[in-house]
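Reviewing the structure listed below.
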Amino acid sequence: LTPPSLPLHTELLIVYLRYKSVHTFYATQVSTFCLPLKVFNFIGLIVGLASSFGFLLVANFQDDYVPAVHLLGAFVVFSAGLVYQWVHTYITYRVYRSGVARHVGVGWVVAQAIISLLSLVFFVGATLFAGLAGRSRRRHIGHGTFHWSTRDGGFAYHVLSSACEWAMSTTFLVYFLTFHPDFKQMKIDIVVRRRSSGSHHGYDSIVNSENTPLTH
């Protein structure tokens, strides 16, 4: 059993859109107890990108051939993803307390907090059961591989660890769905224009609009 993976480009897009929505709508309007909201938002972006990098390791280094790198990638995916959830749960809480967005209600905060807590429980469970499975199997057969059978020591722990990984992956997907209220407030336009030799730097100038740009 191996944990499912969200397509990399999808995760990158969601991480970026969430960063952009917080930066555009709330960064200058919401106060926090310590660091500015834009700092928390930037931390969320970094750990979100780190989680995506973990996906690259998992996808490109198969457990049958490079197990150490594969396991490292899986750990980065889940640990960085867990931090990402708690950072953005705190951001949502501060936005709710500030009252600057009517669509951000207490239900949204509670939902994100519950999902983040479940992810934490599953992360601890996956780590604990994986350690117990490896230790038990090494006592029985002297080494560990990724091909388990019911006769191997620690097989039950292995199944529990895999179940926790699947459950944690599911909570990550569900957590992304909680960004929907914010994404509904966004409008993104991509403007493509023909190159013109008579314009500055060889390109037509793009007129500013009231729409949220893709880049800061």
Please find the pair of heavy atoms, one from L82 and one from F172, that lie closest to each other, and give the distance. N-CZ, 3.9 Å
Within this structure, what is the CZ-CD1 distance for the pair F53 and I46, rounded to the nearest 0.5 Å? 13.5 Å
Value rounded to 0.5 Å, distance of SG in C164 from CZ in F78: 10.5 Å
Gap separating the CE atom of M186 from the CG atom of L17, nearest 0.5 angstrom: 5.0 Å
Is there a donor-acceptor contact under 3.5 Å linking the side chains of E11 and S51? yes
Correct closest heavy-atom pair for A113 and W86 would be O-CH2, 4.1 Å
Which atom names give the shortest non-hydrogen contact between Y84 and G44, and what distance separates them? CD1-O, 3.0 Å
Should V22 and F40 count as side-chain neighbours, where that means a heavy-atom distance under 4.5 Å? no
Look at the side chain of T24 and the backbone N and O of K20, then say whether any donor-acceptor pair between them is shorter than 3.5 Å. yes
Do L177 and I14 belong together in a cluster built from hydrophobic side chains that touch within less than 4.5 Å? no
Calculate, to the nearest 0.5 Å, the distance between atoms NE2 and OH belonging to H23 and Y19 respectively. 5.5 Å
Is W108 reaching over with its side chain to a backbone N or O of T92, donor-acceptor style, under 3.5 angstrom? no
Would you call the rings of F179 and Y175 parallel, tilted or perpendicular, taking 30° and 60° as the class edges? perpendicular
Could you pull out every donor-acceptor pair under 3.5 Å between side chains of residues 114-129 and any protein atom, sequence neighbours left out?
{"residue": "S116", "atom": "OG", "partner": "T89", "partner atom": "OG1", "Å": "3.1"}
{"residue": "S116", "atom": "OG", "partner": "Q112", "partner atom": "O", "Å": "2.8"}
{"residue": "S119", "atom": "OG", "partner": "Q85", "partner atom": "OE1", "Å": "2.9"}
{"residue": "S119", "atom": "OG", "partner": "Q85", "partner atom": "NE2", "Å": "3.3"}
{"residue": "S119", "atom": "OG", "partner": "I115", "partner atom": "O", "Å": "3.1"}
{"residue": "S119", "atom": "OG", "partner": "T171", "partner atom": "OG1", "Å": "2.7"}
{"residue": "T127", "atom": "OG1", "partner": "F123", "partner atom": "O", "Å": "2.9"}

Testing V39, N41, L45 one by one against I43 for a side-chain contact (heavy atoms from CB on, under 4.5 Å), which residue passes? V39
For the pair T178 (side chain) and V174 (backbone), establish whether a donor and an acceptor sit closer than 3.5 Å, ignoring hydrogens and angles. no
Scanning both residues in full, the closest heavy-atom pair of G105 with Y96 reads C-CD1, 3.7 Å
What residues form a side chain to side chain donor-acceptor pair (under 3.5 Å) with D182, not counting sequence neighbours? R18, Y26, H103
